[in-house]
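Comments concern the structure below.
As the structure is a computational prediction, the values presented were derived from the model and not from experiment. Lettering follows sequence order; numbering is per chain, from 1. Only heavy atoms go into these numbers, but all of them, side chains included; no hydrogens, no water, no symmetry mates.
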Number of protein chains: 2
Amino acid sequence: MSTHRSLQFSLDRSSPVPLYYQLSQQLEAAIEQGGLAPGSLLGNEIDLAARLGLSRPTVRQAIQSLVDKGLLVRRRGVGTQVLHSQVRRPLELSSLYDDLEAAGQQPATRVLLHTTEPASARVAAALGVPEGAEVVLVERLRLAHGEPMAHLRNHLPVGLLDLDGDGLAATGLYRLIRAAGITLHSARQTVGARAATAAESGLLAEPEGAPLLTMERTTYDDTGRAVEFGSHVYRASRYSFDFQLLVRP
Amino acid sequence: MSTHRSLQFSLDRSSPVPLYYQLSQQLEAAIEQGGLAPGSLLGNEIDLAARLGLSRPTVRQAIQSLVDKGLLVRRRGVGTQVLHSQVRRPLELSSLYDDLEAAGQQPATRVLLHTTEPASARVAAALGVPEGAEVVLVERLRLAHGEPMAHLRNHLPVGLLDLDGDGLAATGLYRLIRAAGITLHSARQTVGARAATAAESGLLAEPEGAPLLTMERTTYDDTGRAVEFGSHVYRASRYSFDFQLLVRP
DNA sequence: GAGTGGTCTAGACCACATA
DNA sequence: ATGTGGTCTAGACCACTCG
């Protein structure tokens, strides 16, 4: 017995958008908007394929992408079930700027420093360049609603992209990197905490010794080349990291 | 022109292990052990399939699983390339206990509290139970090399599993949950920082006001049911979160 | 133009869960 | 016993990259 025979999907075979993607988008929309109730079964793949005039592998590909997103669960012998919804915020490699903007926090950036310097041992190791080689250094203060939120310190290999001060002030670093045609692939992150130094307390308007959240991140492009190494400090009173993660099956 | 014609793979069709999985495991091993050099091309899928006596979809499935793991990159018109390796530590829903054990840190647990109490508004919201309903509360102190590392406070729905004190002292909570036949699916996490309270400073052997890392986590099983809500505090001087994340393509 | 991955088809048989 | 997803095949055509 299958469910949801009544759901309508419209597939456009003349569209350049793949059929499995059209279907997964419409399934996702149906889940988000409640057309497919949490806990309900999706109906078996063979019927669904027949009803849509698609082959089973194509339907499976659509379903699989939603399983990977954590929206559906498949059980052999049982069926495909809509997961009882939780907040869906996958862990993404987003920039603080975009996060703040999406939250309506009116982000702004003050560029404190934009120069080159010889790579320290740690920066050199992260970026995969020789120690002492010239690397770009950018230091920024990130504000939200005019209040300081974080102190951002980034090192980049020289020649990777042309950073201009206006771009840095107007948007996030990741957007500039992507705009330069670089495909980001992965990042290594370390999140910790420590007490604010005197200098940081002045920059971030926190008392000296106040707890700060720290993040170090090395970002790689799809050739495995290190693109950026960041050492960031956030006001713990104003910011926390918030994300969802899925268990690898 | 394809590369790596010489690589040997042995597939066992009589094994219950799927062929695509046998292949992906052997490919991964070849990558890890350097048999497939970073940056090198894998050779096209059709030849590989023919050479192995498999169909192309099966070979694609094997390759895709490694792309999802971040080990390979596919480019249309170019080929499949081994990524220049970085540390491979995907973000997993692992327990602190397992992490410490894997790092050779000799973890230990002191169970401070194991009882039930009425759910506060926040706990009730996280677990999806009515406010004031009885929930299990477990408080533990986690040690490494005999030194306190973290204070762990977990709430669970009653009746979900039978926690016994011995199990809690001997291993991590997640292992007990999985051992009870529960399939973990996802978690929502918030990581922040704050200053140690007087009580925490005593428990964790940190000065009062010292920076602490905090994590709140709600874990869900594969039916979408909340299984556990944790409020944990880590000594920032001793611990940081460390993970890798992949960009969603 | 040649070579690559991306998509799609129409079947088949198997393993597992449930009644 | 039935129904489900899991795996696998042997093709096909298309879109993209690069020389």
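- A heavy-atom distance below 4.5 Å is found between the side chains of T58(A) and L19(A).
- Between L48(A) atom CG and dG3(D) atom P the separation is 18 Å, expressed in whole Å.
- Distance CD (Q61(B)) to C1' (dT9(D)): 12 Å, rounded to an integer number of Å.
- Contact between the side-chain N/O atoms of R13(B) and the OP1/OP2 oxygens of dT9(D) is found at a separation under 4.0 Å.
- Considering only side-chain N and O atoms, T80(B) lies under 4.0 angstrom from the phosphate OP1 or OP2 of dG5(C).
- At least one side-chain nitrogen or oxygen of T58(A) sits closer than 4.0 Å to the OP1 or OP2 atom of dT9(C).
- The interatomic distance linking E45(A) (CD) with dG11(C) (C1') rounds to 15 Å, in whole Å.
- Between Y20(B) and dC8(D) there is no side-chain N or O to OP1 or OP2 distance below 4.0 Å.
- For the pair N44(B) and dT4(C), the criterion of a side-chain N or O lying under 4.0 Å from OP1 or OP2 is met.
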E28(A)/K69(A) under salt bridge (Lys or Arg N to Asp or Glu O under 4.0 Å): CA gap, chis, key distance, verdict: CA-CA 10 Å; E28(A) 182 167 357; K69(A) 276 194 180 181; 2.9 Å; yes
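- For R56(A) and dG6(D), a side-chain-to-base donor-acceptor distance below 3.5 Å is present, hydrogens and geometry of angles not being considered.
- One finds a side-chain N or O of R60(B) lying less than 4.0 angstrom from the OP1 or OP2 phosphate oxygen of dG6(C).
- Here the P atom of nucleotide dT18(C) and the CZ atom of R75(A) are 8 Å apart, to the nearest Å.
- A donor-acceptor pair shorter than 3.5 Å can be found between the side chains of E228(B) and T219(B).
- Contact annotation for L19(A): backbone-only contact, meaning every heavy-atom pair under 4.0 Å involves sugar-phosphate atoms and none involves a base.
- Rounded to whole angstrom, the span from the CG atom of L11(A) across to the P atom of dT7(C) amounts to 15 Å.
- Base engagement by P57(B) is indicated by at least one non-hydrogen atom pair under 4.0 Å involving a base atom.
- If you take CG of L41(A) and P of dG3(D), they are 15 Å apart, rounded to a whole angstrom.
- Checking Q244(A) against R188(B) by side-chain atom types alone, no donor-acceptor pair falls below 3.5 Å.
- In this structure, R76(A) and G77(B) both approach DNA chain C, and ranking their closest nucleotides by distance from the 5' end singles out G77(B).
- In this entry the distance linking OH of Y21(B) with C1' of dC14(C) reads 19 Å, nearest Å.
- Within the structure, a side-chain polar atom (N or O) of R74(A) is placed less than 4.0 Å from OP1 or OP2 of dG6(D).
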Trace of the salt bridge (Lys or Arg N to Asp or Glu O under 4.0 Å) decision for R122(B) with E216(B): CA-CA 11 Å; R122(B) 183 202 221 153; E216(B) 287 201 348; 2.7 Å; yes
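- Computed from coordinates, the I46(A) CD1 to dT9(C) C1' distance equals 15 Å when rounded to whole Å.
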